[in-house]
Amino acid sequence: MPPAPTTAALAPPSGRVDLKVGFACNNRCVFCVQGTKRERFGARPVEELRDILRRERPRVDAVVFTGGEPTVRRDLAELVAFARDLGYRTIQIQTNGRMLAHRAYLERLVAAGATEFSPALHGHVAALHDHLTGARGAFAQTVTGIRHLKAMGRFVLTNTVVTRSNYRHLPEIARLLVSLGVDQFQLAFVHPVGTAFTLFDSVVPRMELAAPYLMAGLKVGLDAGRRAYTEAVPACLLPGYEACVAEKHIPRTAIYDAEATIADYTAYRRDEGKLKGPDCGACLHDAECEGPWREYPERYGWTEFVPIRAPAAGGGAR
Ligand code: SF4
């Protein structure tokens, strides 16, 4: 997702490294892109993680600790401190947010050098979030974690995965995020790989049905003065909200995954992860648009993606 403005503020985004520290997780989300990796891969050895952090530091000054769920590692605070001591300026914890409910644990991560937290909230009520995450009590913990972060004055950027179960509630989710004081939120269309691919028919909504709710959710955030983005939804489905397309703002990222390293995630998305349609060449957004995740049109076709031939009435992007 786009970085927080604290360190990247008005400067062009520099690169960052996305470090998957292991695939264990205390949630079992119906849309998990990691699928069965939790059963196939253990935690990445700490020395391997340190080597990656050392190797990448001359090239980047931002690291995202992710997984799996990074907070299930007992040595996460030590890894954060190691990154800080190497000179990483931005150290983000991308998390389901449950462990952040424990204030003392959160304070330990901050003291170790964590500068940003990106918890995930997928519902406006416990029944919805807990259903999607497969974990009873997860909603209460993540909301408590966000409250702790804001009470500590931290910048909070959240992620919400858009699925069949929650897309109609995106405006209510956005209102909750605003009321919690979240500084930036992203509504990310589900990526149909891993568990999300296995459960495709029950998890992946039609984008044209979700788009009005997405835009309504974005409006809630923008009207409240927050930074609001959507990911993996092409601009042709977001008239007037083209500036909220997250891909335009994601910095160059290297991803250390279980089986491979992706040196440039932007190039990977364009070359392998996403697809453009047969009519996209006629669209105003063709040059900068990445298209949807490829699994979506492979299942649903291209009829929803209609080329834009003139800027949206009223000036287009907000
Ligand atoms: S290039 Fe294609 S997918 Fe992208 S906005 Fe235009 S029509 Fe939609």
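When reading the values below, keep in mind they use all heavy atoms of this one structure, side chains included, and skip hydrogens, waters and symmetry mates. Ligands are counted one by one from 1 in listed order, and the atoms in each one are counted from 1 as well. Predicted model, so just to flag it, every value in this text is computed and none were measured.
Donor-acceptor pairing under 3.5 Å is recorded for the side chains of E304 and Y296.
Among A282, C289, C280, the residue whose heavy atom lies closest to atom 2 (Fe) of ligand 1 is C280.
In the hydrophobic clustering of ILVMFWY residues, with side-chain heavy atoms under 4.5 Å counting as a link, V72 and F65 come out apart.
Ring geometry for Y265 versus Y268: interplanar angle under 30°, hence parallel rather than tilted (30 to 60°). Using a 30° and 60° split on the angle between ring planes, H122 and H129 fall in the parallel class, below 30°.
In this structure, G277 has no heavy atom closer than 4.0 Å to ligand 1.
Distances below 4.0 Å separate heavy atoms of K276 from the following atoms of ligand 1: 1 (S). Contact atoms of ligand 1 toward P307: 7 (S) (distance under 4.0 Å to a heavy atom of the residue).
Side-chain contact between T95 and E69: present, with at least one pair of heavy atoms (C-beta onward) separated by less than 4.5 Å.
Given atom 6 (Fe) of ligand 1, the protein heavy atom at minimum distance is C283 SG, 2.4 Å.
In C236, the parts holding a heavy atom less than 4.0 Å from any atom of ligand 1 are both the side chain and the backbone.
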